[in-house]
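Structure first, commentary second.
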Amino acid sequence: MTTPLWLLHGFTQTTASFDPLRIALTDHGIDSEPLELPGHGTGSGPDRLVDGDLWAGADELATGRRGIWLGYSMGARLALHIALAHPDAVTGLVLIGGTAGIDDAVERAARRVADEALADRIEREGLESFLHDWLTKPLFATLPDDAGRILRRATNLASGVASSLRRWGTGTMDPPLWDRLGEIEAPTLVLAGALDDKFTAAGHRLVDGIGTNARFAAVPDAGHAAHSERPVVVARLVADWFTPSRLLR
């Protein structure tokens with residue numbers, strides 16, 4: 001069984017972040033392909049910067065592609081925009097640690113200001129210094145102790161990562177997408193780590209907004225980056241969820 005499953009990574013990650021999940025998916029006969037997102041990767045020059053908003057990013061990613069889109073965190077934001085802007089490119093949707101945005105306009109503005117300050121810090125101090133603090137946040141407390149995780153993320157360019165934060169941070173979803181979720185007709189699986197209370201609540205809200213074509217599943221003993229913490233479990237949940245005749249239309 002083969003399916004075009006496009007994988008969209010999170011902020012500061014690389015395509016390598018999906019390696020354990022891809023191996024686990026292969027055990028279920030599912031082929032997948034991770035995409036290097038704008039603002040990330042080792043290339044240099046202005047083409048590595050994020051110039052447009054999430055809608056522009058969705059346009060770029062959806063061009064010439066069709067299938068199931070699996071996105072984590074920032075990747076989930078992009079997947080939602082792809083599903084809304086290019087429904088013909090989406091046969092299924094998997095959202096991990098995702099949200100449709102910040103409801104309150106004042107909070108959205110404050111988030112953009114905070115993200116701008118973080119982006120300035122990344123450019124000023126360098127990406128590796130930023131990552132040492134970023135990955136100690138409570139959000140990532142349950143990630144496996146991996147000495148190489150900072151080095152892998154640090155292969156990205158500081159300027160590119162900073163541009164992705166400015167252009168694609170949660171605060172840039174203005175207005176948020178909660179009122180548009182009912183437009184998504186593709187079968188949708190929403191996942192969140194059972195230890196991640198914030199995104200578990202957001203996940204249930206996403207399912208409520210999308211409707212009967214969506215369902216939620218908690219990933220046991222996992223936090224925000226559930227696909228990295230429990231790749232075998234996430235692969236099984238994905239495999240149990242989709243039926244080729246239903247999704248590969």
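Predicted model only: the values in this text are computed from it and were never measured.
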[X]: side-chain hydrogen bond (donor to acceptor under 3.5 Å, both in side chains) partners, not counting sequence neighbours:
{"X": "E107", "answer": "none"}
{"X": "R65", "answer": "none"}
{"X": "R77", "answer": "T170"}
{"X": "T14", "answer": "none"}

Between [Y] and [X], is there a side-chain heavy-atom distance shorter than 4.5 Å?
{"X": "S228", "Y": "L143", "answer": "yes"}
{"X": "T15", "Y": "F18", "answer": "no"}
{"X": "D31", "Y": "L5", "answer": "no"}
{"X": "L61", "Y": "L37", "answer": "yes"}
{"X": "D221", "Y": "V233", "answer": "no"}
{"X": "Y72", "Y": "V234", "answer": "no"}
{"X": "L54", "Y": "L78", "answer": "yes"}

Are [X] and [Y] joined in one hydrophobic group, where the rule is that I, L, V, M, F, W and Y side chains link up if heavy atoms are under 4.5 Å apart?
{"X": "V219", "Y": "V207", "value": "yes"}
{"X": "W69", "Y": "L177", "value": "yes"}
{"X": "L7", "Y": "I30", "value": "yes"}

[X] side chain vs [Y] backbone, donor-acceptor pair below 3.5 Å:
{"X": "W168", "Y": "D53", "value": "yes"}
{"X": "T12", "Y": "G10", "value": "no"}
{"X": "S163", "Y": "G39", "value": "no"}

Pairs involving [range], ordered by first then second residue, that meet salt bridge (charged side-chain N to carboxylate O under 4.0 Å, His left out) (sequence neighbours left out):
{"range": "residues 16-28", "answer": "none"}
{"range": "residues 79-99", "answer": "none"}
{"range": "residues 168-180", "answer": "R108-D174, R112-D174, R180-E183"}

Could you walk me through whether L157 and L127 pass the side chain to side chain contact (heavy atoms under 4.5 Å, CB included) check? CA-CA 7 Å; L157 296 178; L127 185 56; over 6 Å; no
Tell me the ring pair (Phe, Tyr, Trp, His ring centres under 6.0 Å) pairs involving residues 80-107, sequence neighbours left out?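 Sorted pair list: W55-H81.
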Can you tell me how far [atom2] of [Y] sits from [atom1] of [X], rounded to the nearest 0.5 angstrom?
{"X": "T63", "Y": "I82", "atom1": "OG1", "atom2": "CD1", "result": "9.5 Å"}
{"X": "E125", "Y": "H132", "atom1": "CD", "atom2": "NE2", "result": "11.5 Å"}
{"X": "E128", "Y": "T155", "atom1": "CD", "atom2": "OG1", "result": "10.5 Å"}
{"X": "D103", "Y": "M173", "atom1": "CG", "atom2": "CE", "result": "10.5 Å"}
{"X": "H227", "Y": "L237", "atom1": "NE2", "atom2": "CG", "result": "14.0 Å"}
{"X": "L49", "Y": "D51", "atom1": "CG", "atom2": "CG", "result": "6.0 Å"}

Worked verdict on L21 versus L70 for side chain to side chain contact (heavy atoms under 4.5 Å, CB included): CA-CA 11 Å; L21 178 62; L70 182 154; 4.3 Å; yes
Least distance between heavy atoms, [X] atom then [Y] atom:
{"X": "A56", "Y": "G52", "result": "CB-CA, 3.9 Å"}
{"X": "L25", "Y": "S32", "result": "CD1-OG, 4.0 Å"}
{"X": "S17", "Y": "H9", "result": "OG-CB, 3.9 Å"}

Please assess L80 against L206 for the test side chain to side chain contact (heavy atoms under 4.5 Å, CB included), listing each intermediate value before the final yes or no. CA-CA 10 Å; L80 278 173; L206 285 168; 4.3 Å; yes
side-chain contact (heavy atoms from CB on, under 4.5 Å) with A119: which residues, sequence neighbours excluded?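 For A119 the side-chain contact (heavy atoms from CB on, under 4.5 Å) partners, ignoring immediate neighbours, are A162, L165, R166.
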Side-chain donor-acceptor pairs under 3.5 Å in residues 92-100, sequence neighbours left out?
from : atom 1 : to   : atom 2 : distance (Å)
T99  : OG1    : G101 : N      : 3.2

By ring pair (Phe, Tyr, Trp, His ring centres under 6.0 Å), which residues pair with W134, not counting sequence neighbours?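 Testing W134 for ring pair (Phe, Tyr, Trp, His ring centres under 6.0 Å), a comparison that skips the adjacent residues, returns F11, F130, F140.
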Run the side-chain donor-acceptor check on residues 189-200: report pairs under 3.5 Å with partners two or more places apart or on a different chain.
from : atom 1 : to   : atom 2 : distance (Å)
D196 : OD1    : F199 : N      : 3.4
D196 : OD2    : H224 : ND1    : 2.9
T200 : OG1    : G193 : O      : 3.1
T200 : OG1    : D196 : O      : 2.8

